[in-house]
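Note sheet for the following structure.
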Amino acid sequence: MNTDCLKISAPLQGYTDHIWRNAHSQCFGGVDVYCAPFMRIDHGAIRNRDINDISPSNNAVAVIRPQLLASAPQEAVSLATTIRGLGYNVIDINLGCPHPPVAHRHKGAGLLKYPDELAKMLEALTTVEGVSYTAKMRLGWDANDQWVRALDVLAAIKPLHVAIHPRVGTQQYKGDLDMEQAARFIEACPFPVMFSGNVETVDDFNALIQQFPMLKGIMIGRGLVARPYAFAPETKSNLPQFHDMLVQCYSERLNGGEAQLVTKLKNLWEIFLPEADRKARKAIKKSHNLSQYTTAAHDAINSVVND
């Protein structure tokens, strides 16, 4: 594996919270930077759970990168100021979320369609002292060349790097990556570039480095949740320990009882270990209590470890 290119855990809402990040770092490692899921203003305030997720006291990983999601200048400044107050001096700007309820509010990938609004938000962010920025973006919202205007206005914040996911927002996560447009982006971008999208294995990682040797980093999101040992294949045997840590930590954090815990854990399996024994995965889905879930989950994990 190319060791000069940074290996980055991409943020995945609902999955890569501080409990997942801490367990992943301890059991597998191989990641240079963990990006936290985006923080946003909700009903006029920043959610406490978002603040708790990036609180230094809750994070044991070496490098964590908080991310903000906004479009209105005042919202962006409020988020950046709060994050800076927690001790972070680098913040990622989310210009990639394709979820329609987000995008239709001119946030995430939806903001790429409105470069004038993006410019106002970025200009406001320059007023927050002691902060540098990175950005994670799509090619556009509904056109694959909207990145051109976005790059122009991103110059206002002089980003440390820009991560490109070569799809448009309306694709969500479906369809092929537009590698031709990605190449144009990488060539035109005046800032260091990172790549995000459909990276699941070491082979995928190295193939991208071979295709684009100028990349400064590669992000892996769903692929790392699916196979958390992806950046360190020799650690696959740590899967049982990783899972048990998640069970223990979520049981301590969640206050909705066993039912809430089982629901949270079953949600993980929508992505986790897709190659696991089919019968065991079906049993996980049908489990109604922690005992049933645990038995099925251990069977599924062992089918992968012993493969």
Side-chain angles (χ1 to χ4, degrees), residues 6-42 45-70 75-99 102 107-109 125 128 130-138 157 159-163 165 194-197 199 217-226 228 230-231 242 245-246 249-250 253-254 264 267-268 271-272:
L6 291 176
K7 297 173 284 293
I8 302 169
S9 169
L12 197 60
Q13 203 74 18
Y15 293 93
T16 59
D17 59 17
H18 69 273
I19 289 176
W20 184 93
R21 296 191 299 266
N22 290 341
H24 183 274
S25 177
Q26 182 172 331
C27 295
F28 305 108
V31 169
D32 297 302
V33 179
Y34 288 87
C35 291
F38 62 72
M39 298 176 64
R40 68 177 187 267
I41 302 292
D42 189 26
I46 302 172
R47 299 181 301 179
N48 286 333
R49 69 181 183 186
D50 289 348
I51 295 174
N52 290 335
D53 186 56
I54 65 166
S55 172
S57 62
N58 287 332
N59 286 274
V61 302
V63 181
I64 178 175
R65 183 67 41 78
Q67 185 184 81
L68 65 80
L69 176 81
E75 287 190 352
V77 169
S78 178
L79 287 162
T81 301
T82 298
I83 294 170
R84 180 70 185 103
L86 290 170
Y88 296 98
N89 57 16
V90 181
I91 300 172
D92 192 58
I93 300 170
N94 185 312
L95 298 174
C97 179
H99 191 44
V102 170
K107 297 179 180 181
L125 284 173
V128 182
V131 177
S132 298
Y133 297 98
T134 62
K136 184 175 186 291
M137 61 185 288
R138 297 270 179 140
I157 59 168
L160 299 179
H161 72 250
V162 179
H165 180 122
M194 299 194 178
F195 187 96
S196 174
V199 181
I218 294 176
M219 308 183 81
I220 176 170
R222 294 178 68 87
L224 200 59
V225 173
F231 282 144
F242 171 72
M245 286 182 66
L246 293 182
C249 293
Y250 282 127
R253 173 189 170 191
L254 301 175
K264 174 68 177 178
N267 183 62
L268 174 69
I271 300 177
F272 188 45

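For the single chain, residues carry numbers from 1 onward in sequence order. Just the heavy atoms: all of them, side chains too, but no hydrogens, waters or symmetry mates, feed the values below.
Side-chain contact between Ser78 and Ile41 is present, with heavy atoms from C-beta onward closer than 4.5 Å. For the pair Met39 and Gln67, the minimum side-chain heavy-atom distance is 4.5 Å or more. With contacts defined as side-chain heavy-atom distances shorter than 4.5 Å, the pair Leu68/Asn94 does not qualify. Within the 4.5 Å cutoff, no side-chain heavy atoms of Tyr15 are placed close to those of Pro37. The side-chain heavy atoms of Ile51 and Thr82, taken from C-beta on, include a pair separated by under 4.5 Å. Using a 4.5 Å cut-off on side-chain heavy atoms (C-beta onward), Leu79 and Ile91 make no contact. Considering only heavy atoms from C-beta on, Ile220 stays 4.5 Å or farther from Ile8 through its side chain.
From Cys35, atom SG reaches atom CD1 of Ile64 across 9.0 Å, with rounding to the nearest 0.5 Å. Here the CG atom belonging to Leu6 is positioned 5.0 Å from the CE atom belonging to Met194, to the nearest 0.5 angstrom.
Taking a cutoff of 4.0 Å between a charged side-chain nitrogen and a carboxylate oxygen, Asp53 and Arg21 qualify as a salt bridge. Contact check on Asp42 versus Arg49 returns no salt bridge, with no Lys/Arg side-chain nitrogen under 4.0 Å from an Asp/Glu carboxylate oxygen.
Counting non-hydrogen atoms of other residues, nucleotides and ligands closer than 6.0 Å to CZ of Arg65 gives a total above 12.
Judged by distance alone, the side chain of Tyr88 and the main-chain N or O of Ile54 form a donor-acceptor pair under 3.5 Å. Under the 3.5 Å distance criterion, the side-chain polar atoms of Asn58 are matched with a main-chain donor or acceptor of Asn52.
Residues His24 and Tyr34 bring their aromatic ring centres within 6.0 Å. Proximity of the aromatic rings of Phe28 and Phe231 is defined here by a centroid distance below 6.0 angstrom, and this criterion is not met.
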